[in-house]
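Reckoned from all heavy atoms, side chains included, excluding hydrogens, waters and symmetry mates.
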Amino acid sequence: MTTAPQPATHPAPLWRPGADRIAGAQVTRFQEWAAAHYGAPAATPGDPVASYAALHRWSIEELSTFWRATAEWFDVRFSTPYETVLADATMPGARWFPGATLNYAEHALRAGEDSARAQQPALLHVDETHETTPVTWAELRAQVGSLAAALRRLGVRPGDRVSGYVPNIPQAVVALLASAAVGAVWTSCAPDFGARSVLDRFQQVEPVVLFTVDGYRYGGKEHDRRATVTELRAELPSLTAVVHIPLLGTEAPEGALHWDDVVSQDEELVFEQVPFDHPLWVLYSSGTTGLPKAIVQSQGGILLEHLKQTGLHCDLGPEDRFFWYTSTGWMMWNFLVAGLLAGSTIVLYDGSPGFPDTGAQWRVAERTGATLFGTSAAYVMACAKAGVHPGRDYDLSRVKCVATTGSPLPPDGFRWLHDEVAEDLWIASVSGGTDVCSCFAGAVPTLPVYIGELQAPCLGTDLQAWDPHGKPLTEEVGELVVTNPLPSMPIRFWNDPDGTRYRDSYFEMYPGTWRHGDWITLTARGTVVIHGRSDSTLNRQGVRMGSADIYEAVERLPEIRESLVIGLELPDGGYWMPLFVHLAEGATLDDDLRGRIKQTIRTQLSPRHVPDDIIEAPGVPHTLTGKRIEVPVKRLLQGTPLEKAVNPGSVDNLELLRFYERIAADRAK
């Protein structure tokens with residue numbers, strides 16, 4: 001793949017959905033209904049591509065009508081009616097459904113109101129033994145009701161912050177939903193975060209309650225976190241209560257409540273009815289160059305956006321089991337919980353993605369009967385390199401979709417899933433962000449899948465690629481922008497009273513238009529290609545290139561475990577583009593391997609993509625959520641001191657950055 005302008009091409013799709021799947025998809029039924037009730041374009045018989053394109057065009061041109069139809073289709077319970085759908089479309093500051101009140105938790109739990117469903121599993125918890133423990137809808141509702149009542153007795157009121165230092169376990173879901181039921185604002189970090197990383201986040205929002213574990217199990221080992229919890233309690237003076245979840249079986253520390261004591265009472269389930277734009281939770285950016293942004297999203301905005309995503313795009317329903325490998329420190333955990341909105345059973349896996357072997361996640365999918373299995377592109381490629389054969393070694397007959405995010409899924413990843421999982425497999429590479437806790441582009445159950453491409457922009461999302469002057473591009477690389485508001489866009493950042501940090505984050509380059517910070521190509525047939533982050537752009541001789549394209553080519557070589565490419569503007573007007581490679585065990589970076597790396601890049605991409613230097617590195621640094629750190633490494637290579645180039649608490653291995661710091665020092669001599 002090249003990121004230079006290319007003429008429109010028409011490759012054959014890797015997969016097409018069958019007629020039965022198209023006819024039965026919720027998005028098909030929604031289009032038929034919206035055409036009858038709201039003037040949406042009717043589907044084109046026998047042409048799902050044209051049908052979705054027309055529906056998408058209507059959804060952005062008639063934005064208010066689309067979201068009104070979405071709320072009605074999913075039977076959103078407004079306890080007081082809204083005055084209008086979109087009172088102000090200005091970004092930032094769009095005002096959605098003024099006057100309306102509702103509650104997110106009420107919708108997440110309503111499948112359990114049906115007595116026939118009450119004894120079916122809402123949650124399936126899986127640990128590293130890969131045994132499953134169900135929590136029924138009735139049990140989930142009872143625990144949320146008991147905990148919400150306990151929070152109220154503790155003095156928690158609407159708008160108060162409730163925090164969790166918890167892994168991906170049922171107690172975390174219960175705590176989130178109980179917080180939402182009360183109208184409190186949930187925020188969480190995974191227990192593999194160190195104290196400084198957690199405090200950088202929680203100190204900003206000043207929680208009044210902390211749910212915490214004594215430790216967790218990962219990679220077959222126990223990790224005691226009691227000392228970290230002690231530090232958190234000491235450094236969070238806003239806390240009025242701590243709830244202890246004894247995963248390792250230890251006693252509750254002095255002054256803490258025991259989990260069992262706050263979920264065992266028989267209490268009426270009461271949902272605080274809050275305004276549509278009432279805050280639901282706070283998510284955090286990776287924080288690689290400063291304090292993480294504390295991103296506030298609303299109860300109503302998340303509810304509508306996640307109903308759209310889980311129902312229309314993921315095609316989830318009551319018969320589905322939804323498994324996404326994630327942690328509570330990543331927005332995909334919040335998105336996983338949204339499976340409850342569709343009435344689906346959600347699978348909570350707490351453990352290492354590769355324990356006891358690389359195929360672990362496929363085994364979880366098999367054991368739980370997952371119908372939609374979400375993972376990272378990195379995991380797919382690791383399985384390919386390790387010679388895992390999921391379709392042969394596991395019963396994945398219930399899996400109808402494998403979805404990936406975190407980074408672009410390389411073309412080889414598409415081929416591997418098709419060849420090694422199932423030929424009749426819907427492969428959904430999706431892209432969005434913590435900033436909206438959703439996807440801008442990705443899964444559409446009625447559309448074909450093309451290798452290396454996302455199926456389409458999501459409904460209600462006017463996704464475009466722009467040049468630096470704001471000109472829309474097709475079949476050319478441009479900035480990912482969204483030109484209309486989405487309900488799940490942040491209502492604000494915490495402690496950003498005049499909105500300066502919020503505006504600077506997304507609206508500085510194109511005022512009034514959301515710029516996300518990714519390079520994308522919109523193809524002439526409506527698909528989307530993600531090339532990597534635009535704030536670490538490779539730009540040689542005026543041609544913009546995506547780092548993801550280089551990673552995809554280089555990491556096909558068996559000697560390369562992982563790579564990192566940086567483009568550096570030099571003071572004399574020159575440009576230096578080194579490629580750092582982390583070698584597989586036993587490999588040597590000799591002239592032969594260097595030559596094959598360069599030839600691979602030249603052949604598969606272009607001569608412009610060939611790096612100036614290829615340098616062996618002890619590893620590639622990542623954020624705590626697993627994303628390659630490009631911008632801080634670029635800053636280090638430009639001579640920025642380590643303490644100013646990166647927030648140490650946001651990096652998985654700080655020592656790796658010292659290697660890049662030494663490279664910069666050597667170049668400066």
Side-chain angles (χ1 to χ4, degrees), residues 102-109 123 140 143-152 154-191 193 198 201-213 232 236 238-243 245 259 262-263 271-272 274-275 277-285 292-303 305-306 326-341 346 348 434 436-438 488 490-494:
L102 43 61
N103 189 277
Y104 170 91
E106 180 177 0
H107 292 79
L109 292 168
L123 316 176
L140 180 60
Q143 290 185 33
V144 172
S146 180
L147 183 55
L151 289 174
R152 290 184 173 104
L154 289 169
V156 177
R157 298 291 179 261
D160 287 345
R161 278 74 63 207
V162 173
S163 57
Y165 186 56
V166 286
N168 188 11
I169 53 176
Q171 293 92 325
V173 177
V174 173
L176 184 160
L177 294 178
S179 300
V182 171
V185 185
W186 172 257
T187 190
S188 62
C189 288
F193 284 28
V198 179
R201 290 156 173 80
F202 288 177
Q203 282 179 335
Q204 293 189 64
V205 301
E206 300 176 303
V208 296
V209 177
L210 172 66
F211 290 89
T212 180
V213 292
L232 297 182
L236 292 171
S238 57
L239 291 176
T240 59
V242 175
V243 180
I245 304 168
W259 173 263
V262 295
V263 295
F271 300 107
E272 186 78 21
V274 296
D277 61 358
H278 184 83
L280 171 62
W281 55 47
V282 176
L283 302 178
Y284 303 95
S285 66
K293 294 176 290 192
I295 299 166
V296 186
Q297 290 154 347
S298 70
Q299 288 229 11
I302 287 293
L303 174 63
E305 178 66 25
H306 284 183
T326 183
S327 80
T328 57
W330 188 24
M331 58 140 288
M332 288 310 302
W333 182 77
N334 304 68
F335 191 87
L336 174 63
V337 173
L340 298 173
L341 297 172
I346 63 172
L348 311 173
T434 300
V436 293
C437 197
S438 188
S488 66
I491 50 176
R492 64 179 186 276
F493 289 169
W494 208 269

Test side chain to side chain contact (heavy atoms under 4.5 Å, CB included) on Ile295 and Phe493; report intermediate values, then the result. CA-CA 5 Å; Ile295 299 166; Phe493 289 169; 3.7 Å; yes
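- Side-chain atoms of Leu232 and Thr212, non-hydrogen and from C-beta on, never get closer than 4.5 Å to each other.
- Taken to the nearest 0.5 Å, the CG atom of Leu151 stands 9.5 Å off from the OG atom of Ser146.
- Residue pairs satisfying the side chain to side chain donor-acceptor pair (under 3.5 Å) criterion with at least one member in residues 154-164, sequence neighbours excluded, are absent.
- Without hydrogens or angle criteria, Gln299 side chain to Ala180 main chain gives a donor-acceptor distance under 3.5 Å.
- Interatomic distance, Ile491 CD1 to Ile302 CD1, rounded to the nearest 0.5 Å: 10.0 Å.
- Summarising the geometry, atom SG belonging to Cys437 is positioned 5.0 Å from atom CG belonging to Leu283; distances are rounded to the nearest 0.5 Å.
- Side-chain contact between Leu109 and Leu140 is present, with at least one heavy-atom pair separated by less than 4.5 Å.
- Under the 4.5 Å side-chain criterion, counting only non-hydrogen atoms from C-beta, Trp259 is in contact with Leu147.
- The closest side-chain heavy-atom distance from Tyr104 to Val274 is not below 4.5 Å.
- Side-chain atoms of Asn103 do not come within 3.5 Å of backbone N or O of Gly183 as any donor-acceptor pair.
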Might you work through the side chain to side chain contact (heavy atoms under 4.5 Å, CB included) test for Ile245 and Val166, ending with a clear yes or no? CA-CA 9 Å; Ile245 304 168; Val166 286; 3.9 Å; yes
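- With sequence neighbours excluded, the residues that form a side-chain hydrogen bond (donor to acceptor under 3.5 Å, both in side chains) with Gln297 are Trp281.
- Scanning all heavy atoms of the two residues, the minimum distance from Trp330 to Asn334 falls at O-OD1, 3.7 Å.
- Ser285 places no side-chain N or O within donor-acceptor distance of the main-chain N or O of Pro292, the cut-off being under 3.5 Å.
- Take His306 and apply the ring-ring contact (aromatic ring centres under 6.0 Å, His included) test, not counting sequence neighbours, and it matches Phe335.
- Distance check, rounded to the nearest 0.5 Å: CZ of Phe202 to CG of Leu239 gives 9.5 Å.
- Note that the OG1 atom of Thr187 and the CD atom of Glu206 stand 12.5 Å from one another [nearest 0.5 Å].
- Qualifying salt bridge (charged side-chain N to carboxylate O under 4.0 Å, His left out) partners for Glu272, counting only residues two or more places apart in sequence or in other chains: none.
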Expected list for residues 168-179: side-chain donor-acceptor pairs under 3.5 angstrom, two or more places apart:
unit_1	atom_1	unit_2	atom_2	d
Asn168	OD1	Trp333	NE1	2.9
Asn168	ND2	Tyr349	O	3.4
Ser179	OG	Ala175	O	2.8

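- In terms of heavy-atom proximity, Ala184 sits nearest to Val156 at CB-CG1, 3.8 Å.
- You'll find the side chain of Pro207 reaches within 4.5 Å of the side chain of Ser238, heavy atoms only.
- The two atoms that bring Leu154 and Ala241 nearest to each other are CD1-CB, 3.9 Å, heavy atoms only.
- At distances below 3.5 Å, not a single donor-acceptor pair connects side-chain atoms of Thr434 with backbone N or O atoms of Met331.
- When side chains are defined from C-beta on, Val162 counts as touching Phe211, because their heavy atoms get closer than 4.5 Å.
- Once rounded to the nearest 0.5 Å, the distance linking CG of Leu341 with CG of Leu303 reads 6.0 Å.
- Here the side chain of Tyr165 pairs a donor or acceptor atom with the backbone of Phe193 at under 3.5 angstrom.
- The side-chain hydrogen bond (donor to acceptor under 3.5 Å, both in side chains) check on Ser438 picks up Glu305, Gln309, with sequence neighbours excluded.
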